[in-house]
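The block underneath contains the structure these notes are about, expressed in C-alpha cells.
Computed from heavy atoms alone, side chains included, the values below leave out hydrogens, waters and symmetry copies. In each ligand, atom 1 is the first atom listed, and ligand 1 is the first ligand listed.
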Amino acid sequence: MTQRIAVVTGASGGLGETMCKAMVDQGHKVAGSYLPGTDTDAKEWQQAMQAAGYEVAIYPLDVTDYDNCCSFIAAVEKELGSIDVLVNNAGITRDAPLKRMQPQQWQDVLRTNLDSMYNMCQPVFDAMCSRGFGRIVNISSLNGEQGQFGQANYSAAKAGIYGFTKAIAKEGARKGVTVNAVSPGFINTPMVRQIPENVLESIVAGIPVGRLGQPEEIARAVAFLTAEEAGYITGTNLSVNGGEYMS
Ligand code: NAP
C-alpha cells in the first residue's frame with residue numbers, strides 16, 4: 001500500500017471523523033482541520049482518536065477564507081509532506097424557506113459549502129498535476145441533487161459542487177488527478193439527529209432501504225474514490241442515499 005498524505009476538512013464532524021479513520025486505515029498520513037477558536041475541543045478530539053488507535057494531525061482552518069486555506073496547506077505540507085488526497089467535507093446548513101432567508105444565511109452557506117471548493121483545491125491542484133497523482137473528493141448532498149424545501153442556499157451550493165468537480169476533473173484528467181463528488185443521503189449524524197423526530201420518521205419512511213445511512217457507509221465511498229486503483233473514475237458523483245434519489 002502506498003502511503004499518501006490525506007487531508008479531511010471538518011475532521012471532527014459526524015462524517016469527517018469516520019473519513020479520517022478510513023484514511024488512516026488506508027495507510028495514509030492524515031491531517032484534519034478544526035474551526036479556529038475551538039482549540040481545546042480539537043485537542044480533546046485528537047486525543048480520543050489517538051486512544052482509539054487513529055493518529056490524525058490537526059490544524060485550525062476556516063474554509064471560507066482563501067488565505068487561511070493557503071496557510072493551512074503550507075503548514076500540512078511542511079510537517080507531513082505534499083498533499084495527495086483532499087476530501088472537502090466541511091459544510092454547514094442555515095435553513096429557511098426563501099421568503100424568510102436572509103442574505104447572511106445565503107452567503108454563509110455558499111461560502112462554506114461552495115467557495116471552500118475553490119479555496120482548498122486551487123492551492124493544491126497544480127502541484128498534484130505536476131507530481132502526476134491526486135485524489136480529490138468533494139462532499140455534496142442528496143439535497144444538491146434533488147433540491148430541498150427550506151434549503152435553497154444549501155441545495156444551490158451542493159449542486160454547484162457538481163459543475164466545479166466536472167470542470168477540474170477535465171483539467172486534471174491527463175495528469176493523474178481525479179476529482180469526484182460523493183452525495184450522502186440522510187446519515188445518522190448530529191446534523192440529521194437535530195431534525196424533529198416526527199419529521200425524521202417520515203424521512204426514513206421515504207428511504208427505500210428503510211433506515212438512515214451510517215457514517216462508515218460514506219467513508220467507504222470516499223476510500224473507494226481515493227484509492228490508487230481508482231484512477232479511471234473522474235468527474236463523477238457517487239450517491240450514497242439508500243435509494244432515496246436515483247439519477
Ligand atoms: P457536521 O457534523 O456539522 O460537521 C461539519 C464539519 O465542518 C465540522 O467539523 C465543522 O466544524 C466544519 N466546519 C463548518 N464550517 C467550517 C468552516 N468555515 N471552516 C472549516 N470547517 C468548518 O456535519 P456532517 O454531518 O459531518 O457533514 C459533513 C459534510 O457532509 C457536510 O459537507 C454536509 O453538508 C455533508 N452532508 C451530510 C449529511 C448528513 O446526513 N449528515 C448528508 C448530506 C451531506 P465545527 O464542528 O467546529 O463547527
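Qualifying ring-ring contact (aromatic ring centres under 6.0 Å, His included) partners for Tyr245, counting only residues two or more places apart in sequence or in other chains: none.
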Throw together a table of side-chain donor-acceptor distances under 3.5 angstrom for residues 159-171, partners on residues two or more places apart or in other chains.
| residue | atom | partner | partner atom | Å |
| --- | --- | --- | --- | --- |
| Tyr162 | OH | Ser140 | OG | 3.1 |
| Tyr162 | OH | Ser141 | O | 3.3 |
| Tyr162 | OH | Ser183 | OG | 2.7 |
| Thr165 | OG1 | Asn138 | ND2 | 3.0 |
| Thr165 | OG1 | Ile161 | O | 2.7 |

Pairs under 3.5 angstrom, nitrogen or oxygen on both sides, ligand 1 versus protein: list them out, please.
| residue | atom | partner | partner atom | Å |
| --- | --- | --- | --- | --- |
| ligand 1 | 2 (O) | Gly14 | N | 2.9 |
| ligand 1 | 9 (O) | Gly10 | O | 3.4 |
| ligand 1 | 9 (O) | Gly13 | N | 3.4 |
| ligand 1 | 18 (N) | Asp62 | OD1 | 3.0 |
| ligand 1 | 19 (N) | Leu61 | O | 3.4 |
| ligand 1 | 19 (N) | Val63 | N | 2.9 |
| ligand 1 | 25 (O) | Thr189 | OG1 | 3.4 |
| ligand 1 | 26 (O) | Gly14 | N | 3.1 |
| ligand 1 | 26 (O) | Leu15 | N | 2.7 |
| ligand 1 | 32 (O) | Asn89 | O | 2.8 |
| ligand 1 | 32 (O) | Lys158 | NZ | 2.9 |
| ligand 1 | 34 (O) | Tyr154 | OH | 2.5 |
| ligand 1 | 34 (O) | Lys158 | NZ | 3.1 |
| ligand 1 | 40 (O) | Gly185 | O | 3.4 |
| ligand 1 | 40 (O) | Ile187 | N | 2.9 |
| ligand 1 | 41 (N) | Thr189 | OG1 | 2.7 |

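Side-chain contact, Gln46 with Tyr34: no donor N or O sits under 3.5 Å from an acceptor N or O.
Note on Glu216 versus Lys21: no salt bridge recorded, every NZ/NE/NH1/NH2 to OD/OE distance being 4.0 Å or above.
Using a distance-only test at 3.5 Å, with no hydrogens or angles considered, a donor-acceptor pair links the side chain of Asn89 to the main chain of Thr9.
Contacts classified as side chain to side chain donor-acceptor pair (under 3.5 Å) and involving residues 96-106 (residues at least two apart or in different chains) are given here: Gln104-Asp108.
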